[in-house]
Amino acid sequence: MTNIGGIDLPANPAGDNAPLPTLIEYSGYGYANPAGPQSGIAAIANALGYTVVDVNMRGTGCSGGAFDFFEPLQGLDGYDVIETVARQPWVAHNKVGMLGISYGGISQLFTAKTSRRASPRSPRCR
């Protein structure tokens, strides 16, 4: 599955068809890895029952393009990620939360100003 920006997502990262609370870690640190979570925070969220979608920012990790600190495209790319992930059948209530530390934390604020589906606070899905 590919979103507007050409980002490929697995059909169901949770491995089943049950809608689950879903979090996105959107960072420039290269955490995203198809083999599984690379950051401790994603592994903790998985253990607590959340599906976590790790996404590398443009120009970092396995993402193409060029990276520049705090560029406006990061918020717009984040919007595309939020909208694409939130529409998946495995996402509970079509809402996602975001998690991250350092750059992954501030990216939540850049993204939140572009999307109502994202929550840059402590995640809570109903």
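By the 4.5 Å heavy-atom criterion applied to side chains, Thr111 and Ile82 are counted as neighbours. Residues Gln108 and Tyr26 fail the side-chain proximity criterion, which asks for heavy atoms closer than 4.5 Å. Between Met57 and Ser27 the shortest side-chain heavy-atom distance does not fall below 4.5 Å. No side-chain heavy atom of Thr22 sits less than 4.5 Å from a side-chain heavy atom of Tyr50.
The two residues Trp90 and Val85 have their closest heavy-atom pair at CH2-CG1, 4.0 Å. Summarising the geometry of Leu23 relative to Ala45, their closest heavy-atom pair is CD1-CB, 3.9 Å, with the distance given to 0.1 Å. Pairing each heavy atom of Gly104 with each of Ser107, the nearest pair is O-OG, 3.0 Å. The two residues Asp54 and Ala42 have their closest heavy-atom pair at OD2-CB, 3.9 Å. Listed here is the closest heavy atom pair of Pro89 and Pro19: O-CG, 3.7 Å. In plain terms, the two heavy atoms of Ile41 and Gly100 that are nearest each other are CD1-N, 4.2 Å.
Checked by atom type and distance alone, the side chain of Gln88 pairs as donor or acceptor with a backbone atom of Thr84 at under 3.5 Å.
Cluster membership for Ile24 and Leu73, using ILVMFWY side-chain heavy atoms within less than 4.5 angstrom, is not shared. Note on Val55 and Leu76: separate hydrophobic clusters, where clusters join Ile, Leu, Val, Met, Phe, Trp and Tyr whose side-chain heavy atoms are under 4.5 Å apart, directly or indirectly. Grouping the Ile, Leu, Val, Met, Phe, Trp and Tyr side chains by contacts below 4.5 angstrom, directly or via other members, places Phe69 with Ile106. Cluster annotation: Leu109 is connected to Val81 through the hydrophobic network of ILVMFWY side chains, with a link wherever side-chain heavy atoms come within less than 4.5 Å.
Checked by atom type, the side-chain pair Tyr79/Gln74 shows no donor-acceptor distance below 3.5 Å.
Between Phe70 and Phe110, the ring-plane angle classifies as perpendicular under the 30° and 60° cut-offs.
Here salt bridge (charged side-chain N to carboxylate O under 4.0 Å, His left out) pairs that include residues 56-65, with residues two or more places apart or in two chains, are Arg58-Asp77.
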